[in-house]
Amino acid sequence: MSTSFSASFSNIDQASDPLAFVDFMDDANAMAFFRTAKRRTYDLLALAPGSHVLDIGCGAGKDVRAMAEIVGPTGRAVGVD
């Protein structure tokens with residue numbers, strides 16, 4: 001039985017090529033649509049310097065790093081995957 005690429009996201013550690021998932025996410029994050037959606041998400045979260053934020057399912061942590069920039073040294077951004 002074959003498993004689809006997207007369904008494999010729940011078991012990346014068992015994948016024959018886990019880096020393919022990182023490449024996929026990097027490619028998606030480079031698309032204008034997703035960059036715009038992520039900026040909108042940060043706006044809706046009302047993140048500001050000093051805020052604390054937890055990203056559950058953060059993957060490689062690119063969004064956590066972006067939110068850490070927003071909350072600055074007085075805030076905290078933590079990612080769990």
Side-chain angles (χ1 to χ4, degrees):
M1 180 178 190
S2 174
T3 303
S4 71
F5 183 79
S6 61
S8 298
F9 269 89
S10 64
N11 203 12
I12 292 173
D13 293 335
Q14 301 301 315
S16 61
D17 184 11
L19 290 179
F21 294 93
V22 175
D23 292 339
F24 175 83
M25 293 305 298
D26 286 345
D27 290 345
N29 285 325
M31 295 177 181
F33 170 81
F34 288 110
R35 287 194 318 268
T36 301
K38 286 176 186 281
R39 280 192 301 271
R40 179 70 177 133
T41 300
Y42 303 151
D43 290 344
L44 291 170
L45 289 170
L47 296 175
S51 294
H52 291 188
V53 62
L54 173 63
D55 183 358
I56 298 173
C58 68
K62 185 171 184 163
D63 294 324
V64 175
R65 289 188 296 277
M67 290 184 286
E69 288 287 321
I70 296 168
V71 302
T74 61
R76 187 167 186 189
V78 176
V80 178
D81 192 75

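Across every non-hydrogen atom of S51 and A46, the tightest pair is OG-O, 4.2 Å.
Residue M31 shares its hydrophobic cluster (ILVMFWY side chains chained together at separations under 4.5 Å) with F33, F34.
I70 and L45 fall within a single hydrophobic cluster, where Ile, Leu, Val, Met, Phe, Trp and Tyr side chains are chained together by heavy-atom contacts under 4.5 Å.
Taking the side-chain hydrogen bond (donor to acceptor under 3.5 Å, both in side chains) definition, one finds that T36 meets it with R39, sequence neighbours left out.
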For residues 56-67, please give each side-chain donor-acceptor pair under 3.5 Å, one per line with the distance, not counting sequence neighbours.
{"from": "D63", "atom 1": "OD1", "to": "K38", "atom 2": "NZ", "distance (Å)": "3.0"}
{"from": "D63", "atom 1": "OD1", "to": "Y42", "atom 2": "OH", "distance (Å)": "3.0"}
{"from": "D63", "atom 1": "OD2", "to": "K38", "atom 2": "NZ", "distance (Å)": "2.7"}
{"from": "R65", "atom 1": "NH1", "to": "A60", "atom 2": "O", "distance (Å)": "3.2"}
{"from": "R65", "atom 1": "NH1", "to": "G61", "atom 2": "O", "distance (Å)": "3.4"}

